[in-house]
S.K.: 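Dumping the structure here so I can ask a few things about it.
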There are 2 protein chains.
Amino acid sequence: MENDIELEEPITKVNCQNHLSSVEDALYVIGGKWKLKIIIALQEHGSIRFNELQRIVAGISARVLSNELKDLELNGFVKRIVHSEQTPVVVEYISTDYSKTLKTVIMALSEWGRTHKNNIREDVFEK
Amino acid sequence: MENDIELEEPITKVNCQNHLSSVEDALYVIGGKWKLKIIIALQEHGSIRFNELQRIVAGISARVLSNELKDLELNGFVKRIVHSEQTPVVVEYISTDYSKTLKTVIMALSEWGRTHKNNIREDVFEK
DNA sequence: CCGTATCCCGATTGATACTG
DNA sequence: CAGTATCAATCGGGATACGG
């Protein structure tokens, strides 16, 4: 990165690396097929049990859901609460305050996905 | 379209399915390890050639980059321009206007990733 | 009911080499 | 330079079965 500095857009190139790096960091934590969907389900349902969650996040298997929940718990998005006083044991999952910081991300993605779907239905494929 | 006042339960469940569905649609197109990063690089560099792009999007292989670019072109995020008058052939990739609609998504993700990284560096893991 | 443990398959990807 | 071809390896994830 030495000789192609044209002084045209020096800041842009820095911004690019910043964005790339930050987006990469974000995707590392919330990327993948399921994580955001689980977070959304958790946020909007308040408290959910395992099987209910599996029903809401359509298509996910118990094994994958279990693994994803562990990941999300480690990263502070989910709290796992065990009611061991009951039998059989009841386990609830709730979203944490930290997961609320994803609100703008989720809104942006949701909004974009919605309009994109409409665009496709209309005429994206006709030039 | 509607007010975002936090209501109680009934609307929430509908919103959940809406969000889940929309986010799913979004991730279908821009999900995965590379797509957003390629879009970012393209947006901020204006016009890039293949090998330059491969350098910027660190870690991507030529094969994967080639496939991703085809996908992105099909979905209207990238335009491929071939200058066949030159030898060897020069190919540039530029981002389309449609990819600009992702601006808020990228900003939200980038911003979140940045603060998340800072949080981790500090004390997220100590309660 | 709430998961975990295996097994296993197909898709994704990295490395390398090669072509126009 | 701009990719493509091929192969090997990895990995996410489904199916199933089982234990607490």
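A, B, ... follow the sequence lines: proteins, then strands. Residue 1 opens every chain.
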S.K.: Just how far, in rounded Å, is P of C:dT13 from NZ of B:K37?
M.R.: 12 Å

S.K.: I want to verify a distance call: between C:dC2, D:dA2, D:dT4, whose nearest atom is closest to the A:F50 side chain?
M.R.: C:dC2

S.K.: In whole angstrom, what separates B:L69's CG from C:dT13's P?
M.R.: 14 Å

S.K.: Rounded off to whole Å, could you give me the CD-to-C1' distance for the B:E73 and D:dA2 pair?
M.R.: 14 Å

S.K.: Considering residues at least two apart in sequence or located in another chain, which fulfil the salt bridge (Lys or Arg N to Asp or Glu O under 4.0 Å) criterion with B:K117?
M.R.: A:D25

S.K.: Does any donor atom in the side chain of B:W112 or A:T101 lie under 3.5 Å from an acceptor atom in the other side chain?
M.R.: yes

S.K.: Classify the angle between the aromatic ring planes of A:H116 and B:F77 as parallel (below 30°), tilted (30 to 60°) or perpendicular (above 60°).
M.R.: parallel

S.K.: If the cut-off is 4.0 Å, is A:W34 near the phosphate of D:dG12, judged by side-chain N/O to OP1 or OP2?
M.R.: no

S.K.: Whole angstroms only, please: what is the NZ-C1' distance between B:K70 and D:dG3?
M.R.: 8 Å

S.K.: Just how far, in rounded Å, is C1' of C:dG3 from CZ of A:R80?
M.R.: 8 Å

S.K.: Could you state the atom-to-atom distance from CG of B:N67 to C1' of C:dA15 in whole Å?
M.R.: 15 Å

S.K.: For B:K35, check salt bridge (Lys or Arg N to Asp or Glu O under 4.0 Å) against everything at least two apart and list the hits.
M.R.: B:E68, B:D71

S.K.: Where each residue is assigned the nucleotide of DNA chain C containing its nearest heavy atom, which of B:V64 and A:R55 is assigned the position nearer the 5′ end?
M.R.: A:R55

S.K.: May I ask whether A:F50 and A:V64 are part of the same hydrophobic cluster, defined by side-chain heavy atoms of I, L, V, M, F, W, Y residues being less than 4.5 angstrom apart, directly or through others?
M.R.: yes

S.K.: Could you write out DNA chain D as a dot-bracket string, with dots for unpaired bases, | for bases paired across to another strand, and Watson-Crick or G-U pairs counted at under 3.5 Å?
M.R.: ||||||||||||||||||.|

S.K.: Under 4.0 Å, counting only non-hydrogen atoms across every strand here, what does B:G32 touch: a base, just sugar-phosphate, or nothing?
M.R.: nothing

S.K.: With a 4.5 Å limit on heavy-atom distance, are the side chains of B:Q43 and B:K103 in contact?
M.R.: yes

S.K.: Quick one: hydrophobic cluster around B:I94, which other residues, with the 4.5 Å side-chain cut-off, linked directly or via members?
M.R.: B:I81

S.K.: Going by the rule side chain to side chain donor-acceptor pair (under 3.5 Å), which residues pair with A:R49 if we only count those two or more places apart in sequence or in a different chain?
M.R.: none

S.K.: Taking CD from B:E52 and P from D:dG3, how many angstroms apart are they, rounded to a whole number?
M.R.: 13 Å

S.K.: Is the distance from OP1 or OP2 of C:dG14 to the nearest side-chain N or O of B:K33 less than 4.0 Å?
M.R.: yes

S.K.: OP1 or OP2 of C:dG3 versus the side-chain N and O atoms of A:Y93: is any pair under 4.0 Å?
M.R.: yes

S.K.: Pairs under 3.5 angstrom, nitrogen or oxygen only, protein versus nucleotides 15-20 of chain D, please.
M.R.:
{"from": "D:dA15", "atom 1": "N6", "to": "A:R63", "atom 2": "NE", "distance (Å)": "3.4"}

S.K.: Might you point out which heavy atoms bring A:I40 and B:V23 nearest each other, and give the distance in Å?
M.R.: CD1-CG2, 3.6 Å

S.K.: Is the phosphate of C:dG3, meaning OP1 or OP2, less than 4.0 Å from a side-chain N or O of A:R49?
M.R.: no

S.K.: Using the rule that Ile, Leu, Val, Met, Phe, Trp and Tyr join whenever any side-chain heavy atoms are under 4.5 Å apart, tell me whether A:V29 and B:M107 fall into a single cluster.
M.R.: no

S.K.: Rounded to the nearest Å, what distance is computed from the CD1 atom of residue A:I81 to the P atom of nucleotide C:dC2?
M.R.: 14 Å

